[in-house]
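Both backbone and side-chain heavy atoms feed into the values below; hydrogens, waters and symmetry mates do not. If you're wondering where the values come from, they're calculated on a predicted model, not measured in any experiment.
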Amino acid sequence: MFGPAFPRRLGLATANAFDTLAPAVVRRMVAAAALFVGAMALGPAQNVVAQVPGGTSYGTGCGGAGGAPTLAISPPMRPGFTSTLSMQHLPTNQPGVLMFGDSRTNYFGIPLPLPLAGLGLPGCELLISPQSSISFFTGNGQPSWSFGVPLTPVLASHPIYLQAMFSDPAVGIGFSRGYDSRFTPMPTPTTMKSSITQFGITFQFAQPVPAGQFVNGDWFVVGPATLVGMTPPTTLLNGRALHGAMINPSASTRQQGYDGAMYGPGNEGEYIPALNVALNLSASNPRLLQPNQCLIKTISNTDPTYLPQLQTCAVLTVLAETPPNGSFRPPYAGNDHQVRYDEQLLDLSRLATLAPASGIPDVNLLLPKLERPWLDHAPGWTSRYMHPVLNMPDYGRDFTSLYNEAALLCNSNLPLTERRALAIKLVQIGIDCWGNISNGCRWEGTGGHGSGRKLPILFAGALLRDADMLSVGQQFLSQRFLNGTSTAFFGEDCQTFYVAQTGSTINWGYGGYVASDIGTPEYGFAHVNWPSNDHKVWLQDSYRRCCTANAWVGGIVVVRAMGLVSAWNHPALFDYMDRYMATEPSGWTRGWSGWCERMWDLHRASL
């Protein structure tokens, strides 16, 4: 077993080498691990949180029964709360040791993983740096323990890595897979609030409730909470309902409770009064807000010079308990509003440090454009009517270019503090886009609409190391099949394709393509759904030049710089952009953001 002699077996002179070789931060980590071990015996802490995975497994493990031996912690380890450690696929009724460490890459200068065949353990690997341990008994092969994590800053935000070693009658000694986990930050500071005001919107409660703010500035309350008023209240203007609100909006339908004129004339039936939770709200007719609910309150736009029906919105999330400090707001759409991410999870090493081209945008001018929620849970191009005037641009080209420019700034060599501030805003937008697509939203490419949602998801997935978000390119493929059916999710993918033979015709007989065009990366106004609108002639479709690729350019540089091309999983887009940028003359049709165009010219050859 791993005892005082184990470091010597790995080549260290003494078991106390740690005391002289480890820096102070590592010693603090060992102290944290020791507290964690002690917490195993403390019993329940003050609260139990929702079941969200508290880490990720890695490595293969060896020995065991019925599969690779694994560990799991759920929910994440939060100071002051209770978690459960469970093990699977262990042999029954055997002694074992659960090991803790601060690294999965290095053990006193020895690279990890470390094959243990030389110690008579073929197929086994040491996957962590074991610096503390606790004995256990495998019992039925699926042991588990609930433990309270002490409410102390010593633990907050520290990473911790776990691996189990156990006796195995079949092979002698077995090892589990490694488990990459951490202690979350301390709880977010809260105050008791009778009302909350943000962006000109006020939420009023029957009695004070604990309230705090997510890292992006949006508010949460710890519920249940009794809501007695929201201002401005829902009113009628010439029969049009104004200033509505929704709870847990569906992202799979255009039906909404925000505004009676949403989507323009002829679409009044898409406003459903029953979805407007602001209707008739008062102290005598209150609404009980339950944990795991998200409330979106809007102010309607009555200025006809702006197309969208909404002026602004604010998002209030109701939680069962105070989230870790620095948490991102959960997605506003759907029925799952568990907190999963906080800023300590951001892996800013994923960002490139590209030298900026001339005319670099001012971060301080961009941040306010990303401050308010980007409300975008309606499928299709008519979602532009939902985009609040003060929160985001309404047109797909414009908010796509804005996001891509900000993401490209994050991948420049600006000071990390400035890039971090931008990244927080951009990741929140990505979390919301992921919530929308996961709950049924679709943004097929139609002219200048449909773009700008896929990069935010991949950007957030990369910085948060979230495998689900990073798999968006595999999960949501936009493509047209030979039988004429199609799937359409993201505008950029719906509008780019390779000219191909389709049965007895080329491109289903549309666009004027001939055999020599086969394999050419191409653009179509709405190719996946309507290839009849494809045109080989460069200038025939004005949307090719006015409203699509000129907004994509910055995002393509970001995807290449961050190594996300394979995750995007639509090669035609990248080949078409190379063709487009080589063909289109310099100017606004080549780059809606002139700086993004110059960044392409400066860096594309090396990416």
Any ring pair (Phe, Tyr, Trp, His ring centres under 6.0 Å) pairs touching residues 335-372, not counting sequence neighbours? none
Pick out which of Arg453, Arg254, His449, His377 makes a side chain to side chain donor-acceptor pair (under 3.5 Å) with Ser383. Arg453
When you check the gap from the basic side-chain N to the acidic O, do Arg182 and Asp342 get nearer than 4.0 Å? yes
Would you please test Asp180 and Thr56 for side-chain hydrogen bond (donor to acceptor under 3.5 Å, both in side chains) and show each step? CA-CA 5 Å; Asp180 183 334; Thr56 56; 4.6 Å; no
Rounded to the nearest 0.5 Å, how far apart are CH2 of Trp443 and CZ of Phe489? 11.0 Å
Taking side chain to side chain donor-acceptor pair (under 3.5 Å) as the criterion, tell me which of Thr105, Asp102, Asn106 meets it with Ser129. Asp102
Using a strict 4.0 Å threshold on nitrogen-to-oxygen distance, state whether Arg579 and Glu584 make a salt bridge. no
According to the salt bridge (charged side-chain N to carboxylate O under 4.0 Å, His left out) rule, which pairs have a member within residues 413-440, sequence neighbours left out? Arg329-Asp432, Glu343-Arg420
With no hydrogens and no angle check, do the side chains of Asn550 and Thr589 hold a donor and an acceptor under 3.5 Å apart? no
Who are the ring-ring contact (aromatic ring centres under 6.0 Å, His included) partners of Tyr543, not counting sequence neighbours? Phe525
When you measure from the centre of the six-membered ring of Tyr58, is the NZ or CZ of Arg104 under 6.0 Å away and within 45° of the axis? yes
Quick one: pull up CD in Gln428 and OH in Tyr332 and give me the separation to the nearest 0.5 Å. 9.5 Å
Under 3.5 Å, which donor-acceptor pairs do the side chains of residues 358-370 form with other protein atoms, sequence neighbours left out?
residue: Ser358; atom: OG; partner: Arg598; partner atom: NE; Å: 3.4
residue: Asp362; atom: OD1; partner: Asn364; partner atom: N; Å: 2.9

Would you say Trp568 and Asp493 are linked by a side-chain donor-acceptor pair, where the criterion is simply a distance under 3.5 Å? yes
Under 3.5 Å: donor-acceptor pair, side chain of Asn439, backbone of Gly435: yes
Is the centre of the Tyr161 ring less than 6.0 Å from the centre of the Tyr179 ring? no
Contacts of Glu597 meeting salt bridge (Lys or Arg N to Asp or Glu O under 4.0 Å) (sequence neighbours excluded), chain-then-number -> Arg590
For Pro187, check side chain to side chain contact (heavy atoms under 4.5 Å, CB included) against everything at least two apart and list the hits. Phe81, Leu151, Thr322
